[in-house]
Protein chains: 2
Amino acid sequence: MEKIPELCHVDDALSILSGKWKPIILLHLLHKGTLRFNTLKRSVPGITQKMLTVQLRELEDEDIIRRVVFPEIPPKVEYSMTDYGRSLEPVLEAMHQWGTRHSLRKQEKKDC
Amino acid sequence: MEKIPELCHVDDALSILSGKWKPIILLHLLHKGTLRFNTLKRSVPGITQKMLTVQLRELEDEDIIRRVVFPEIPPKVEYSMTDYGRSLEPVLEAMHQWGTRHSLRKQEKKDC
DNA sequence: CAGCATCCAACCAGATACTG
DNA sequence: CAGTATCTGGTTGGATGCTG
C-alpha cells in the first residue's frame, strides 16, 4: 500500500463505484454477461429509467461497460462489461466479502 | 461472490467508505497508528474541523475507529483503528491498487 | 424500447462564529 | 485543543412527461 496517503488512489476507485446503483448494476453485468436496458431495469428494483441511464453513461464514460446500439425498430441496446471493467471484480469481491461480515456483525449486535 | 445481486453487500462496504475524507483518514490511521485530532487535521490538507469531526464520529459509530478522550487541560483526544477497522485493510488495498492502475490509464489516454 | 428534458426535494459539505 | 451551532451553496437522486 502507498505510504503517502496524500497520493491516495482509493478515491479514484471510490469515484467509479459511488452512485446509488452502480455496484448492483456491475454485479448483474458481471454475473449475467450481456443485458438489455429493460432487462437491467427489471433486475434493479426501484431504479428509475433516468437513474439507470445516468449511471450507465457514467460507467460507459469510464470504459467500465460497453454500450452497443442495434439500429432496429423497436430499439435494442445491450450493455456488457469491458475487459477493463472486469478488472474491478477483485475490488467488488473484497468489498462484498467485507460487507457481508459487516452486516452479520451488525445483526448480532441488534440481537443483544 | 454472491450470486444474487439483490442481496448485495458491496453497498454496506461502500457506505462505510463513502464520505469525501474517509479513505484518507483511514489510511493515515492505518499507517501511523494513533493520532490526535489536530495532527490528523494537519495530515488531511483542506479538511475543515467540522468535516473531520463528522467523519470521525461516523467511523466511530461503525466501530471502525476508537476515540479516547484524556480528561486534561488542554483537551487531548486520540484516534486509532479498532481491530475490526483493520479488517478493512484488504478492501482499501484492493481499491488502492485498482485506483492506481486506473489513474495511470487515464493519464496515458490524456497523453494521446 | 430506450431514452432525454425539466423541475424539485433531500442530503452533503464548506465557511464562519462560538465554547468548555 | 477539540470540539459545537448555524447558515448556505452545490450536488445527487427522484417524479413526471415527452420522443424517435
Side-chain angles (χ1 to χ4, degrees), chain A residues 8 10-29 32-62 64-81, chain B residues 5 8 10-26 28-29 32-62 64-81:
Chain A
C8 163
V10 174
D11 294 310
D12 296 304
L14 216 45
S15 71
I16 301 294
L17 298 175
S18 294
K20 189 169 175 184
W21 310 95
K22 280 179 193 165
I24 196 163
I25 290 171
L26 291 175
L27 289 179
H28 274 290
L29 289 174
K32 301 182 187 166
T34 300
L35 292 172
R36 296 184 61 173
F37 184 85
N38 267 2
T39 312
L40 204 43
K41 184 171 185 307
R42 277 190 297 274
S43 306
V44 184
I47 197 171
T48 59
Q49 273 183 332
K50 173 192 161 184
M51 286 316 297
L52 182 54
T53 303
V54 169
Q55 309 273 301
L56 287 172
R57 282 296 178 285
E58 290 177 7
L59 291 170
E60 190 194 355
D61 289 345
E62 295 291 348
I64 306 296
I65 64 173
R66 185 182 0 258
R67 177 173 181 265
V68 180
V69 181
F70 295 82
E72 306 172 359
I73 305 291
K76 175 176 164 183
V77 181
E78 284 186 348
Y79 294 91
S80 57
M81 299 298 288
Chain B
C8 162
V10 173
D11 294 310
D12 295 303
L14 215 46
S15 71
I16 301 294
L17 298 175
S18 293
K20 190 171 176 181
W21 310 96
K22 279 177 192 167
I24 197 163
I25 290 172
L26 291 174
H28 274 291
L29 289 174
K32 300 182 186 166
T34 300
L35 292 172
R36 295 185 60 175
F37 185 85
N38 267 2
T39 312
L40 204 43
K41 184 171 185 310
R42 277 190 298 274
S43 305
V44 184
I47 197 170
T48 60
Q49 270 183 332
K50 173 193 158 182
M51 286 314 299
L52 182 54
T53 303
V54 169
Q55 309 274 305
L56 287 171
R57 283 294 178 288
E58 290 177 7
L59 291 170
E60 190 195 356
D61 289 343
E62 296 290 349
I64 306 296
I65 65 174
R66 185 180 1 256
R67 178 174 181 263
V68 180
V69 181
F70 295 83
E72 307 173 359
I73 305 292
K76 175 177 166 184
V77 180
E78 284 185 348
Y79 293 91
S80 56
M81 299 297 288

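The sequence lines fix the lettering, A, B, ..., with proteins before strands; numbering per chain opens at 1.
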Which value, rounded to the nearest 0.5 Å, describes the distance between Q55(A) atom CD and K50(A) atom NZ? 10.5 Å
Look for any protein N or O under 3.5 Å of an N or O in nucleotides 13-15 of chain D and output each such pair with its distance, or none.
unit_1	atom_1	unit_2	atom_2	d
dG13(D)	OP1	K20(A)	N	3.1
dG14(D)	OP1	K20(A)	NZ	2.4
dG14(D)	OP2	W21(A)	NE1	3.2
dG14(D)	N7	K50(A)	NZ	3.0
dG14(D)	O6	K50(A)	NZ	2.1

Determine to 10° how strongly the helix from dC1(C)-dG20(D) to dG20(C)-dC1(D) is bent, judged from the axes of its five-pair ends. 50°
Looking only at heavy atoms, which two atoms of K22(B) and L17(B) are closest? And how far apart? CB-O, 3.7 Å
Under the side-chain contact (heavy atoms from CB on, under 4.5 Å) test against L29(B), which residue among L59(B), I65(B), T34(B) passes? I65(B)
What's the verdict on side-chain contact (heavy atoms from CB on, under 4.5 Å) for R42(A) and T39(A), showing C-alpha distance, side-chain angles and the deciding distance? CA-CA 5 Å; R42(A) 277 190 297 274; T39(A) 312; 3.9 Å; yes
Students should find this one: the first and last nucleotides of DNA chain C, 5' to 3', lying under 4.0 Å from a heavy atom of chain A. What are they? dC1(C) to dT6(C)
Do E62(A) and I64(A) touch side chain to side chain, with heavy atoms closer than 4.5 Å? yes
dC18(D) C1' sits how many Å from Q49(A) CD, rounded? 11 Å
Expected output is a numbered-order residue list: members of residues 34-41 of chain A with a heavy atom under 4.0 Å from any atom of DNA chain C. What is it? R36(A), F37(A), N38(A)
What pairs of donor and acceptor atoms, side-chain ones from residues 68-80 of chain B against any protein atom, are under 3.5 angstrom apart with sequence neighbours left out?
unit_1	atom_1	unit_2	atom_2	d
Y79(B)	OH	R67(B)	NE	3.3

Looking at H28(B) and S43(B), would you say the former's side chain and the latter's main chain have a donor-acceptor pair under 3.5 Å? yes
When you measure from the side chain of K41(B) to the backbone N and O of F37(B), does any donor-acceptor pair fall under 3.5 Å? no
Tightest non-hydrogen contact, residues L52(B) and I25(B), listed as CD1-CD1, 3.7 Å
Nearest-angstrom distance from the residue atom NZ of K76(A) to C1' of dG20(D): 19 Å
Inter-residue atom distance L56(B).CG - L40(B).CG, 0.5 Å rounding: 5.5 Å
With the side chain counted from C-beta on, respond yes when T53(A) and T48(A) share a heavy-atom pair under 4.5 Å apart, and no when they do not. no
What residues from residues 66-74 of chain A pass a heavy-atom cutoff of under 4.0 Å to DNA chain C? R67(A), P74(A)
Any Y79(B) side-chain N or O less than 4.0 Å from OP1/OP2 of dC1(D): no
Atom pair CD1/CG of I16(A) and D11(A) - distance to nearest 0.5 Å: 11.5 Å
